[in-house]
There are 2 protein chains.
Amino acid sequence: MNIRELARRSGVSTATVSRALNDRAEVSEATRARIRRLATELGYAPNEPARTLVRRRSDTIGLIWDSGQEAQGLHNPFLLGLLSAVRTALSEADYHLMLLTTAGDDDPDGAYLQAVQRHNLEGVIVLTTPPDDRCLRALAASTVPCAGIDTAFTGPRTVRVSSDNAAGAAAAVQHLYELGHRRIATVTGPLHLPPAAERLTGYRRACERLKLPVPDAYVVEGDFFLASGEAAARGLLDLPEPPTAIFAAGDQMAIGALHAAADAGLSVPRDLAVVGFDDIDAAALVRPALTTVAQDQRALGEAAVAALRGLLDADPGRPADLVHAYIVPTRLLVRGSSRV
Amino acid sequence: MNIRELARRSGVSTATVSRALNDRAEVSEATRARIRRLATELGYAPNEPARTLVRRRSDTIGLIWDSGQEAQGLHNPFLLGLLSAVRTALSEADYHLMLLTTAGDDDPDGAYLQAVQRHNLEGVIVLTTPPDDRCLRALAASTVPCAGIDTAFTGPRTVRVSSDNAAGAAAAVQHLYELGHRRIATVTGPLHLPPAAERLTGYRRACERLKLPVPDAYVVEGDFFLASGEAAARGLLDLPEPPTAIFAAGDQMAIGALHAAADAGLSVPRDLAVVGFDDIDAAALVRPALTTVAQDQRALGEAAVAALRGLLDADPGRPADLVHAYIVPTRLLVRGSSRV
DNA sequence: CTGTTAGCGCGTTCAC
DNA sequence: GTGAACGCGCTAACAG
């Protein structure tokens with residue numbers, strides 16, 4: 001079933017069919033309706049490769065989501081929601097979505113770039129990825145429009161989307177303050193990662209505003225994984241003046257802090273309050289359930305799509321400074337680990 | 001950069017370039033090498049839409065992974081690993097991957113089918129999806145090759161891939177038996193779902209083999225979510241003769257059982273042992289860590305790709321009975337919730 | 001408002 | 001072993 005057959009059956013030319021199906025103005029309403037009806041009746045669907053070939057655009061976006069295994073267990077739960085949101089938002093904007101990989105390519109460094117070229121991709125969305133990915137750097141350095149969520153790359157046609165990490169962290173501190181806590185420590189992520197650094201900044205700013213002391217010992221760098229949070233919390237609880245509350249920049253570390261508290265014979269939230277970040281699935285499953293700063297995956301996904309579309313519509317020559325950062329608000333979910 | 005330009009620069013015709021790049025036999029080794037080198041040098045990449053158009057095949061597989069929101073929080077953590085495995089396996093087999101959605105289509109019932117037609121997809125892989133999806137049924141009923149992981153659909157060119165749910169459940173029971181438990185109860189998933197039913201079968205068979213009594217009260221149907229596991233466990237612990245071990249057919253329910261035990265003042269694993277299924281992220285994060293039957297996501301993904309390729313290579317006329325079921329083994333992860 | 005025609009980039013005949 | 005010509009399904013440009 002192709003456009004020629006459809007034309008034959010409806011007694012018009014292929015050009016008219018094409019115009020009718022693509023909602024061009026120059027077709028009479030009557031013929032348009034007739035053709036559309038016939039098309040659905042016959043189960044006609046346009047051949048995208050052919051359209052792509054002639055229109056020189058594919059309406060297709062590439063998606064890169066983690067080329068390495070390092071991120072395993074880290075932002076994972078998070079990614080799925082993101083992926084879902086991106087998929088939905090793109091499809092609502094009538095874009096198709098292609099998953100990209102580096103594997104199986106002769107020239108791994110240019111793999112993504114080649115994929116974009118091969119498939120005529122209009123742009124690429126990048127979900128959390130190791131920042132040292134050479135293949136990704138090559139992409140960012142090109143003129144391919146890229147929107148990254150929580151990624152640290154920059155290039156000529158690049159936008160970054162992320163949660164308002166600083167504000168989220170500040171909200172966590174504020175929440176603990178309102179519960180009466182005055183000694184609030186933090187466990188950070190690896191500080192070379194932007195989200196980790198931003199969350200620390202938010203923590204510091206909130207403490208400053210609230211006139212809370214932040215001794216150096218109250219800031220411990222972790223790696224976002226459980227064990228680091230547990231170790232950090234253990235250290236914090238052993239201090240001469242231990243904190244009464246811990247803000248961990250990631251849920252896994254926060255859960256580690258819960259374990260450390262239990263081991264120290266402390267009751268959460270009575271003796272120690274804990275707040276995490278991300279709202280991974282496990283946050284609602286542990287006991288006490290974890291109070292956490294939830295990232296809005298749906299909003300992040302939609303923002304990424306919006307950002308990319310902005311880039312696509314923008315004049316390629318112009319720097320896209322105006323839209324160079326999309327910040328999505330977070331939401332504090334108060335659960336048992338902080339509230340009494 | 002296209003094949004014509006490449007031909008001009010290498011002093012041969014486009015036909016020769018095409019033959020060289022596609023590893024056809026009728027080209028001399030020398031020219032092939034020369035052309036290949038020039039191609040990488042110039043960053044040439046074939047235009048897939050054009051290739052697809054003329055070859056009438058796209059080397060592209062569609063992926064459907066959850067059209068509804070119902071599954072939220074259920075198999076989620078699981079899906080991501082699957083997705084990753086499928087992506088890798090497909091790309092190693094030189095297939096491209098396209099994410100499909102129903103959204104934004106006029107004829108939602110035929111949305112997937114249309115997508116397959118539009119993009120010339122060779123086949124589709126379906127990850128866990130609500131079984132009542134009409135759109136999916138339409139796809140399964142067609143002649144499009146489909147491989148489903150844990151899905152309940154069947155059709156003329158359909159393969160199902162799943163974990164060996166029965167064996168996994170049996171292994172859990174066996175493990176508990178070896179620890180000395182003789183009163184082992186189970187919390188099942190919704191029994192209309194094949195995985196839930198299979199896990200129950202495995203449980204029953206193992207109990208029978210080990211001559212363990214299974215009073216009706218020891219089999220409680222849950223819904224895979226936390227609360228149902230908690231409620232079921234509470235009921236079980238209130239029995240006149242409560243079990244000393246619970247096998248829950250899903251990790252969330254198992255974690256619910258841990259909560260119930262804690263509320264009843266029981267110590268896990270001393271007073272009650274608990275085993276789950278799936279190995280979601282949270283299983284390793286809760287305390288005590290959850291013993292669970294892990295599904296091998298990587299193997300499942302690879303099996304799905306293998307199954308689909310089998311279907312693609314098979315004679316379309318022939319029923320594909322020989323390969324109609326791919327069963328992937330599970331692995332018991334013993335953690336603190338069972339081992340003393 | 002509609003039809004005719006050219007050509008998007010490539011793989012594949014058929015000649016040589 | 002190589003080249004010239006054709007056509008995949010569709011849209012765009014132009015003609016009517």
Side-chain angles (χ1 to χ4, degrees), chain A residues 1-40 42-60 94 96 114-122, chain B residues 1-40 42-60 94 96 114-122:
Chain A
M1 196 66 245
N2 59 21
I3 206 177
R4 201 144 46 218
E5 180 64 11
L6 200 58
R8 204 179 56 68
R9 299 224 198 179
S10 53
V12 294
S13 73
T14 59
T16 301
V17 172
S18 173
R19 284 191 279 246
L21 263 28
N22 289 305
D23 279 323
R24 289 247 178 299
E26 325 96 306
V27 195
S28 80
E29 219 20 86
T31 50
R32 183 199 314 288
R34 191 160 48 86
I35 291 171
R36 294 203 89 105
R37 196 156 31 74
L38 203 62
T40 39
L42 299 175
Y44 168 81
N47 181 313
E48 291 297 340
R51 294 187 80 211
T52 299
L53 193 55
V54 63
R55 294 193 318 152
R56 299 148 146 272
R57 57 172 296 181
S58 61
D59 290 334
T60 302
D94 281 321
H96 307 129
Q114 292 238 350
V116 168
Q117 215 180 114
R118 286 170 71 136
H119 298 288
N120 260 302
L121 301 181
E122 327 247 327
Chain B
M1 197 64 245
N2 59 20
I3 204 177
R4 200 146 43 218
E5 182 64 12
L6 200 57
R8 203 178 58 68
R9 300 223 195 178
S10 53
V12 295
S13 74
T14 59
T16 301
V17 174
S18 171
R19 285 191 277 247
L21 262 29
N22 289 305
D23 277 323
R24 287 249 178 294
E26 325 97 307
V27 194
S28 79
E29 221 17 88
T31 50
R32 182 199 313 289
R34 190 161 47 85
I35 292 173
R36 295 203 88 104
R37 198 158 29 75
L38 202 62
T40 38
L42 298 175
Y44 168 81
N47 181 313
E48 291 296 339
R51 291 187 84 212
T52 300
L53 194 55
V54 64
R55 295 194 317 151
R56 298 148 147 271
R57 57 172 298 182
S58 61
D59 290 333
T60 302
D94 280 321
H96 307 128
Q114 294 239 348
V116 169
Q117 218 181 112
R118 286 170 70 139
H119 297 288
N120 262 303
L121 302 182
E122 327 249 325

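As a basis for the values below, the full set of heavy atoms in this structure was taken, side chains included, without hydrogen atoms, waters or symmetry mates. Per chain, numbering begins at 1; letters A, B, ... match sequence-line order.
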Student: Quick one: does A:Arg8's side chain get under 4.5 Å of A:Arg4's, heavy atoms only?
Tutor: no
Student: So which one's nearest nucleotide on DNA chain C is more toward 5', B:Val54 or A:Ser28?
Tutor: A:Ser28
Student: From C:dC8, D:dT2, C:dT2, pick the nucleotide closest to the side chain of B:Glu26?
Tutor: D:dT2
Student: Return the value, rounded to whole Å, for the distance between atom CZ of B:Arg4 and atom P of D:dA4.
Tutor: 13 Å
Student: If you pin A:Ala15 and B:Arg55 to their nearest nucleotides in DNA chain C, which one's is more 5'?
Tutor: A:Ala15
Student: Nearest-nucleotide wise, let me know which of A:Leu53 and B:Thr14 is further upstream toward the 5' end of DNA chain D.
Tutor: B:Thr14
Student: Contact class for A:Pro49 vs. all strands (heavy atom < 4.0 Å): base, sugar-phosphate, or nothing?
Tutor: nothing
Student: Would you say A:His119 and A:Thr60 make side-chain contact, with heavy atoms under 4.5 Å?
Tutor: no
Student: Specify the residue among B:Val27 and A:Asn2 whose closest nucleotide of DNA chain D lies further upstream toward the 5′ end.
Tutor: B:Val27
Student: Can you tell me if A:Thr16 touches the phosphate of C:dT2, counting only side-chain N or O atoms and a distance under 4.0 Å to OP1 or OP2?
Tutor: no
Student: Rounded to whole Å, how long is the line connecting atom CD1 of A:Ile3 with atom C1' of C:dT4?
Tutor: 14 Å
Student: Expressed as a whole number of angstroms, how long is the span from A:Asn47:CG to D:dT11:P?
Tutor: 9 Å
Student: For residues A:Asn22 and A:Arg55, is any side-chain donor paired with an opposing acceptor at under 3.5 Å?
Tutor: no
Student: Are B:Arg51 and D:dC8 close enough that a side-chain N or O sits under 4.0 Å from OP1 or OP2?
Tutor: no
Student: What integer distance in Å separates A:Glu29:CD from C:dC1:P?
Tutor: 10 Å
Student: Going by heavy atoms in the side chains, are A:Asp94 and A:Asp59 under 4.5 Å from each other?
Tutor: no
Student: To the nearest angstrom, how far is A:Arg118 atom CZ from C:dC10 atom P?
Tutor: 11 Å
Student: Calculate the interatomic distance between B:Leu6 atom CG and C:dG11 atom C1'; express it in whole Å.
Tutor: 15 Å
Student: Could you check which of C:dC10, D:dG9, D:dT2 has an atom nearest any side-chain atom of B:Thr31?
Tutor: D:dT2
Student: Quick check on C:dG11: is either OP1 or OP2 less than 4.0 Å from any side-chain nitrogen or oxygen of B:Arg57?
Tutor: no
Student: Just to confirm, is there a sub-4.0 Å distance from OP1 or OP2 of D:dG9 to any side-chain nitrogen or oxygen of A:Tyr44?
Tutor: no
Student: From D:dC10, D:dT11, C:dC8, pick the nucleotide closest to the side chain of A:Ser18?
Tutor: D:dT11
Student: Taking donor-acceptor contacts at under 3.5 Å, does the side chain of A:Arg19 reach the base of C:dG3?
Tutor: yes
Student: With a 4.5 Å limit on heavy-atom distance, are the side chains of A:Val17 and A:Tyr44 in contact?
Tutor: no
Student: Is the phosphate of D:dT11, meaning OP1 or OP2, less than 4.0 Å from a side-chain N or O of A:Asn22?
Tutor: yes
Student: So do the side chains of B:Pro46 and B:Leu21 get within less than 4.5 Å of each other, counting heavy atoms only?
Tutor: no
Student: What contact category does A:Arg24 fall into here, base, sugar-phosphate, or nothing, at under 4.0 angstrom with non-hydrogen atoms?
Tutor: sugar-phosphate
Student: Check the distance between C:dG9's P and B:Glu5's CD and give it to me in whole angstrom.
Tutor: 12 Å
Student: Can you tell me the distance, in whole Å, between the CG atom of A:Asn120 and the P atom of D:dC10?
Tutor: 17 Å
